[in-house]
2 protein chains.
Amino acid sequence: MEVRRDIFQAIADPTRRAILVLIATQAMTPNAIAEEFHTSRQAVSKHIQILTECELVKQEQKGREIYYSLEIEKMKEIDKWLSQFRKIWEARFHQLTDVLSTMKKQKK
Amino acid sequence: MEVRRDIFQAIADPTRRAILVLIATQAMTPNAIAEEFHTSRQAVSKHIQILTECELVKQEQKGREIYYSLEIEKMKEIDKWLSQFRKIWEARFHQLTDVLSTMKKQKK
DNA sequence: TATAAATGCAATTATTTGGTTGCGCAAACC
DNA sequence: GGTTTGCGCAACCAAATAATTGCATTTATA
């Protein structure tokens, strides 16, 4: 839990992914998040710490409560990485539709 | 290295991500892949095993060589998971452009 | 002001991970 | 036919990870 700390490692854990979905639309406290899962508050706290380290969540202190919410901008990094593969599958899709349209033309 | 085996855990490792990029456009043998990194063939083999288990790569045997390549369809699963967040950031983008266009109109 | 609530932080532990080493087994090559 | 090459597989090991437990600290509340 020390060295590696990137966004891909962060979303590798299913609990962390669930947390991200949970706080995507509304800020939540650690206690409230923990209640949603079968985990302890401390465990949630650790996950949030990891998410914070790679800037996936932001926090807002309100009295003794801390509200955590998703830093949506950071999620774009995954999208960016994925785009190189998206290019490939889109290219294949176009190839396929090209073939189909050629077949259609030939039928005429 | 036994129980959990999903695509997010698979792409958590930087070496595995690099392998995926490497074999995205051309099928490669374990030896050829290992030469690209600072790892042993066996280490690569293990990574490929993990990638195979979650169906991210396919293989084709040619004599004593095995060519591994990316199963691009599986990558769409990440895209699918990401789409729920994409909705959010696109919504915010539209909100922003709406505000900007309103300001522009008011200026006129 | 004492007590309860909300949280972070450190120490500990069991499990998982990534890597190495050492096989064994086919397929190619001499 | 013997040797080399390309692999996978199993055992082993050090490091990382996820979770628990036990505090300490700050902010509400009675």
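Side-chain atoms are counted along with the backbone in the values below, which use heavy atoms only and exclude waters and symmetry mates. It should be emphasised that the depicted structure is a prediction, and the values quoted were computed from it without experimental measurement.
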Mind calculating the distance between [atom1] ([X]) and [atom2] ([N]) to the nearest angstrom?
X	N	atom1	atom2	answer
B:I50	C:dT16	CD1	P	13 Å
A:E53	D:dA16	CD	P	14 Å
B:D13	C:dT16	CG	P	17 Å
A:L51	D:dA18	CG	P	10 Å
A:D6	D:dA16	CG	C1'	14 Å
A:F8	C:dG18	CZ	P	15 Å
A:R17	D:dA18	CZ	P	12 Å
A:Q61	C:dA5	CD	C1'	14 Å

(message) Would you say A:H47 places a side-chain N or O within less than 4.0 Å of OP1 or OP2 belonging to D:dT17?
(response)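 So the side chain of A:H47 is outside the cut-off, no N or O lying under 4.0 Å from OP1 or OP2 of D:dT17.
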
(message) Using side-chain heavy atoms (C-beta onward) and a distance below 4.5 Å, is A:I78 in contact with A:M75?
(response)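 Yes, their side chains come closer than 4.5 Å.
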
(message) On DNA chain D, does the nearest nucleotide to A:A43 precede the nearest nucleotide to A:G63 from the 5' side, or the other way round? Give the residue.
(response)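 Between the two, 5'-proximity favours A:A43.
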
(message) For a quick check, with a 4.0 angstrom heavy-atom cut-off, what is the B/S/- contact string for nucleotides 3-10 of chain D, read 5' to 3'?
(response) -BBSBBB-

(message) Using the side-chain contact (heavy atoms from CB on, under 4.5 Å) criterion, which residues pair with A:S83? Sequence neighbours excluded.
(response)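 Partners of A:S83 by the side-chain contact (heavy atoms from CB on, under 4.5 Å) criterion, ordered by chain and then number, come out as A:R86.
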
(request) Return the set of residues passing side-chain hydrogen bond (donor to acceptor under 3.5 Å, both in side chains) with A:E35 (not counting sequence neighbours), or none when no residue passes. (result)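 Counting only residues at least two positions away or on another chain, A:E35 forms no side-chain hydrogen bond (donor to acceptor under 3.5 Å, both in side chains).
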
(message) Test of understanding: with side-chain hydrogen bond (donor to acceptor under 3.5 Å, both in side chains), list the residues that count as partners of B:Q84, not counting sequence neighbours.
(response)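 Scan of B:Q84 (side-chain hydrogen bond (donor to acceptor under 3.5 Å, both in side chains), adjacent residues dropped) gives none.
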
(request) Sequence neighbours left out, what passes salt bridge (charged side-chain N to carboxylate O under 4.0 Å, His left out) with B:K87? Give chain and number order. (result)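 Checked B:K87 against salt bridge (charged side-chain N to carboxylate O under 4.0 Å, His left out); zero matches.
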
(message) Going by ring pair (Phe, Tyr, Trp, His ring centres under 6.0 Å), name the pairs with one or both residues in residues 6-39 of chain A, residues two or more places apart or in two chains.
(response)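 Counting only pairs at least two positions apart or across chains, the ring pair (Phe, Tyr, Trp, His ring centres under 6.0 Å) contacts touching residues 6-39 of chain A are A:F8-A:W81.
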
